[in-house]
Amino acid sequence: MPSPSDPVAFTLFGVSVRWYAIFILSGIAAAVWLVGWLAGRRGMDREFPLDVAPWVVFAGIGGARLYYLLLRWDYYLAHPEQALNLRLGGLTIHGALAAGSLTLLWLCRRRGQRFLAWADLTVPALALAQAIGRWGNWANQEAFGTPTALPWGVAIDPSRRPPGFAAAERFHPTFLYESLFNLLNAVFLSWLVLRQPRSRFLREGDVLWLYLVLYGLARLAIERLRTDSLYIGPVPAATVISVGLIALGLTLFLVRHVGRGGVPDRVPAAERATD
């Protein structure tokens with residue numbers, strides 16, 4: 001797998017437009033489309049995703065950047081002028097997930113919408129956005145793994161190789177592994193969303209809980225190959241957060257299914273009729 005020859009896609013009016021930005025924005029656009037499509041298939045308000053998307057997206061980007069800054073606070077204390085420079089990367093999915101979820105919760109409360117219903121529709125779209133956005137890491141030659149002799153290993157320029165791996169030429173494309181997983185996850189979760197109204201087992205929120213568990217497990221496995229992980233103390237930050245996501249998803253799934261006398265909320269009958 002070759003490395004990109006230039007992270008800059010084109011220059012417009014003297015401004016360099018990078019592949020990283022193109023992939024991130026393409027992922028966001030695809031996610032907004034998918035939420036609207038799923039809402040239409042479920043008989044839900046298709047205008048609501050368009051109304052809240054700008055708020056959720058901007059909050060997600062802000063949370064993704066803030067979390068990254070906190071994990072690399074020593075560097076950005078010395079280089080504060082780089083804190084808002086997103087063109088070279090520096091966005092974390094965990095920060096985006098936290099900030100975006102809180103913003104969606106607030107907007108659902110203001111608009112009288114069911115948060116868990118919309119969260120279920122949003123996580124397949126989030127997985128699709130991740131699948132597309134991960135290719136921005138390929139463009140920036142980042143988020144790759146340990147050296148490999150496998151034929152799909154990605155070539156990394158000498159200047160981008162981590163310390164101790166200067167002699168290695170090809171590395172595990174961990175961004176590709178995560179992209180493929182997220183694409184499959186988006187398809188699977190979308191299928192669950194469409195099946196949810198007719199299911200006797202699935203409850204509102206189940207797709208969200210399942211996303212937390214599945215992505216947490218996938219990220220745990222992929223993180224073991226990464227060479228550029230951000231750390232919380234001696235442990236990779238993604239490992240800590242992934243364990244938390246798995247525990248949270250499993251706990252809330254059990255609470256929703258066995259709590260309150262074993263009768264958790266189901267999809268409203270009216271919505272089941274329109275699917």
Side-chain angles (χ1 to χ4, degrees), residues 1-10 16-31 57 60-72 75-76 82 84-97 100 125-148 150-163 165 168-186 215-231 236-239 241-242 245:
M1 184 177 184
S3 61
S5 59
D6 191 348
V8 176
F10 58 89
S16 297
V17 179
R18 302 177 70 93
W19 285 110
Y20 184 86
I22 292 175
F23 284 122
I24 293 295
L25 293 176
S26 297
I28 292 172
V57 168
I61 293 175
R65 185 59 173 178
L66 178 60
Y67 182 57
Y68 184 83
L69 295 179
L70 291 175
L71 292 176
R72 296 198 60 194
Y75 173 83
Y76 288 102
Q82 293 293 322
L84 299 180
N85 184 7
L86 303 181
R87 297 194 306 157
L88 301 179
L91 298 175
T92 60
I93 182 57
H94 298 120
L97 182 60
L126 175 60
L128 178 60
Q130 290 176 263
I132 298 172
R134 271 300 177 190
W135 284 91
N137 299 134
W138 170 76
N140 280 352
Q141 296 194 51
E142 60 187 5
F144 52 86
T146 52
T148 182
L150 293 171
W152 56 81
V154 62
I156 299 298
D157 294 341
S159 62
R160 302 291 298 176
R161 297 170 191 169
F165 298 104
E169 295 184 1
R170 294 187 173 273
F171 298 78
H172 278 287
T174 48
F175 58 85
L176 173 62
Y177 302 159
E178 187 172 333
S179 177
L180 293 175
F181 164 77
N182 283 318
L183 183 60
L184 293 174
N185 203 24
Y215 181 64
L217 289 171
R219 189 62 187 270
L220 272 179
I222 293 171
E223 200 66 22
R224 299 181 63 182
L225 293 173
R226 290 277 295 269
T227 58
D228 60 348
S229 300
L230 300 172
Y231 281 76
T239 297
I241 300 299
S242 294
L245 292 179

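Below, all heavy atoms of this structure are taken into account, side chains as well, without hydrogens, waters or symmetry copies.
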[X] side chain near [Y] side chain, heavy-atom distance below 4.5 Å:
X: Q130; Y: N185; value: no
X: Y20; Y: E142; value: yes
X: L183; Y: I132; value: no
X: Y76; Y: L70; value: no
X: E223; Y: E178; value: no

Which value, rounded to the nearest 0.5 Å, describes the distance between [X] atom [atom1] and [Y] atom [atom2]?
X: I156; Y: R161; atom1: CD1; atom2: CZ; result: 8.0 Å
X: L97; Y: L245; atom1: CG; atom2: CG; result: 6.5 Å
X: L91; Y: Y67; atom1: CG; atom2: OH; result: 13.5 Å
X: F175; Y: N182; atom1: CZ; atom2: CG; result: 13.5 Å
X: S229; Y: I222; atom1: OG; atom2: CD1; result: 11.0 Å
X: R134; Y: S179; atom1: CZ; atom2: OG; result: 9.0 Å

[X] versus [Y], closest heavy-atom pair with distance:
X: G145; Y: T174; result: N-OG1, 3.5 Å
X: P7; Y: N140; result: CB-OD1, 4.1 Å
X: F144; Y: D228; result: O-OD1, 4.0 Å
X: P162; Y: F171; result: CD-CE2, 4.4 Å

**OP:** Kindly indicate, with the supporting measurements, whether the criterion side chain to side chain contact (heavy atoms under 4.5 Å, CB included) is fulfilled by I93 and L126.
**Re:** CA-CA 10 Å; I93 182 57; L126 175 60; 3.9 Å; yes
Original post:
Judged by atom type as modelled, is there a donor-acceptor pair below 3.5 Å linking the side chain of S242 to the main-chain atoms of R219?
Top reply: no
Original post:
Has the side chain of T148 got a donor or acceptor atom that lies under 3.5 Å from a matching backbone atom of H172?
Top reply: no
Original post:
Taking only residues two or more places apart in sequence or in another chain, which ones pass side chain to side chain contact (heavy atoms under 4.5 Å, CB included) with L176?
Top reply: M1, W135, P173, L180
Original post:
After noting the C-alpha distance and the side-chain angles of F10 and I22, does the key distance pass the side chain to side chain contact (heavy atoms under 4.5 Å, CB included) rule?
Top reply: CA-CA 11 Å; F10 58 89; I22 292 175; 4.0 Å; yes
Subject >> Evaluation steps, side chain to side chain contact (heavy atoms under 4.5 Å, CB included), between Q141 and D157 >> reply: CA-CA 8 Å; Q141 296 194 51; D157 294 341; 2.8 Å; yes
Subject >> ring-ring contact (aromatic ring centres under 6.0 Å, His included) against Y215, all qualifying residues, sequence neighbours excluded >> reply: Y211
Subject >> H94: ring-ring contact (aromatic ring centres under 6.0 Å, His included) partners, not counting sequence neighbours >> reply: none
**OP:** Start with the C-alpha gap between V17 and V8, add the side-chain angles, then the distance that decides, and say whether side chain to side chain contact (heavy atoms under 4.5 Å, CB included) holds.
**Re:** CA-CA 6 Å; V17 179; V8 176; 5.9 Å; no
**OP:** Can you establish whether the number of heavy atoms outside E169 located under 6.0 Å from its atom CD is more than 12?
**Re:** no
**OP:** Indicate whether any N or O donor in one side chain lies under 3.5 Å from an N or O acceptor in the other, for W152 and Y177.
**Re:** yes
